[in-house]
Amino acid sequence: MPGWFKKAWYGLASLLSFSSFILIIAALALPHWLSGKILCQTGVDLVNATDPELVKFIGDIYYGLFRGCKVRQCGLGGRQSQFTIFPHLVKELNAGLHVTLLLLLFLALALALVSMGFAILNMIQVPYRAVNGPGGICLWNVLAGGVVALAIASFMTSVKFHDLTERIANFREKLFRFVVVEEQYEESFWICVASASAHATNLVVVAISQIPLPEVQAKIEEATVMAEDILY
C-alpha cells in the first residue's frame, strides 16, 4: 500500500489524465480550430476596388474538424452559410491527412484513459510488475502526449502547406474566388495544446511522487527512575 504522499500525487496524475480526455472531446466537438478573413477576389476585380473599399469584400470563416461557417462578402452584403467536412468537402481537402488527424485524436482519447487507469492502480496498490508502476504511468503519458502533438502538427501542416482554409472557402464556389488574408488558431486548437501539456505535467508529477520523504523516527525516551519514586 503506497503512502499518503504518493497517493496524493498519483491522484493528481489521474485527474490530469482525465482532464486531457475531456479536453480532447471538447476539441473534437467544438468547430473553432481556426478562424480567418477571406477576400472575395472576384468582386474586387470586377469593380477594381481600392484599399478603402476592400472592407466590403472581406468576409469571415471559422471551422473545426467536422463543421464550420463562412460569411461571404462580395459587395452585396454578407451571406452566411454552414458547411460540414464529411462526406463531400473532405474530398477537396487532403483527405488522408485529415483522417489521420482524427484517428490520432481518437487514439489519444484511449491512451489518456489508460494513463489514468495506471495512475489509479498505483494509488490503490504497489504493482508487482515494474512496467505497471511509475514507469508505466510515464510511458503511457509520453505516448498520449506524443499522439496529441502529432495531431496538432498534422493540423498545422494542413493549414500551412495544403491551403486548408482556402480550399474550404472555395468549396462549391462557381462564380466567386476567395483568398485568405488572415488566419489565427482558435480555442479548440489551444485546447489540444493544453491536453498535451497535461500529459507533460504528469511526467513531472510522477517524478515528484518518487522523492523519498525523510523518515520520522520516534524518539524513545528512557524513563528516569528518581530516588523519590522508590518507596522501598
Side-chain angles (χ1 to χ4, degrees), residues 20 22-109 147-197:
S20 173
I22 297 299
L23 288 172
I24 296 173
I25 290 179
L28 285 166
L30 296 174
H32 294 283
W33 276 70
L34 188 138
S35 66
K37 301 287 186 181
I38 51 175
L39 174 69
C40 182
Q41 189 65 52
T42 306
V44 171
D45 294 339
L46 284 174
V47 301
N48 196 21
T50 58
D51 288 344
E53 299 172 327
L54 289 180
V55 180
K56 299 179 181 179
F57 297 91
I58 295 179
D60 301 294
I61 187 172
Y62 68 84
Y63 57 89
L65 301 182
F66 295 99
R67 65 188 190 278
C69 179
K70 177 176 68 174
V71 178
R72 296 168 46 180
Q73 293 280 3
C74 293
L76 300 175
R79 293 181 57 190
Q80 180 175 317
S81 60
Q82 307 282 337
F83 58 85
T84 57
I85 303 296
F86 294 94
H88 302 296
L89 178 52
V90 70
K91 298 176 183 178
E92 301 295 325
L93 312 178
N94 189 321
L97 193 58
H98 193 79
V99 173
T100 299
L101 166 60
L102 291 174
L103 291 176
L104 286 172
L105 289 177
F106 285 122
L107 177 60
L109 284 174
V147 168
V148 176
L150 284 175
I152 293 170
S154 298
F155 182 74
M156 295 177 69
T157 300
S158 294
V159 172
K160 296 299 181 184
F161 300 106
H162 296 277
D163 302 322
L164 181 62
T165 307
E166 188 166 328
R167 291 189 184 192
I168 292 176
N170 288 287
F171 178 63
R172 288 182 174 173
E173 291 288 348
K174 297 179 180 179
L175 297 178
F176 300 99
R177 186 174 69 88
F178 293 91
V179 177
V180 178
V181 295
E182 180 183 319
E183 289 177 316
Q184 63 180 9
Y185 297 109
E186 293 295 338
E187 55 263 31
S188 295
F189 176 86
W190 297 113
I191 284 173
C192 264
V193 174
S195 172
S197 301

To the closest 0.5 Å, what do you measure between CD1 (Ile61) and CD (Gln80)? 11.5 Å
Between Ser154 and Leu104, the two heavy atoms sitting closest are OG-CD1, 3.9 Å
Begin with the C-alpha distance, continue with both residues' side-chain angles, and end with the deciding distance and a verdict on side-chain contact (heavy atoms from CB on, under 4.5 Å) for Ile152 and Val193. CA-CA 7 Å; Ile152 293 170; Val193 174; 3.8 Å; yes
Could you grab the distance from atom CZ of Arg172 to atom NE2 of His88, nearest 0.5 Å is fine? 5.5 Å
Please round to the nearest 0.5 Å and tell me the distance separating atom OG of Ser35 and atom OH of Tyr62. 10.5 Å
Going from CG on Leu105 to CZ on Phe155, what distance comes out if it is rounded to the nearest 0.5 angstrom? 10.5 Å
Considering non-hydrogen atoms only, spot the tightest contact between Ala151 and Leu101 and give its length. O-CD1, 3.0 Å
Minimum heavy-atom distance between Glu53 and Asn48, given as atom pair plus value: OE1-O, 4.5 Å
Fit a plane to each ring of Tyr185 and Trp190, take the angle between them on a 0 to 90° scale, and name the class: parallel (under 30°), tilted (30 to 60°) or perpendicular (over 60°). perpendicular
Atom of Leu65, atom of Leu28 and distance for their closest heavy-atom approach: CD1-CD2, 3.8 Å
So Phe83 and Tyr63, would you call those rings parallel, tilted or perpendicular, with 30° and 60° as cut-offs? tilted
Looking at Ile191, is its backbone amide N or carbonyl O close enough to the side chain of Ser195 to form a donor-acceptor pair, meaning the two atoms are under 3.5 Å apart? no
Could you go through Leu93 and Ile85, starting from their C-alpha distance and side-chain angles, then the distance that decides it, and tell me whether this counts as side-chain contact (heavy atoms from CB on, under 4.5 Å)? CA-CA 9 Å; Leu93 312 178; Ile85 303 296; 4.2 Å; yes
Considering all heavy atoms, the nearest Gly78-Gln73 contact: N-OE1, 3.4 Å
When rounded to the nearest 0.5 angstrom, what is the spacing between CG in Asp60 and NZ in Lys37? 3.5 Å
What closest approach, in Å, do Leu102 and Phe66 show between heavy atoms, and which atom pair accounts for it? CD2-CZ, 3.7 Å
CD/Glu92 to CZ/Arg167 distance, rounded to the nearest 0.5 angstrom? 8.5 Å
Would you kindly check if the NZ (Lys) or CZ (Arg) of Lys70 is within the cone defined by 45 degrees around the ring axis of Phe178 and under 6.0 Å from the six-membered ring centre? yes
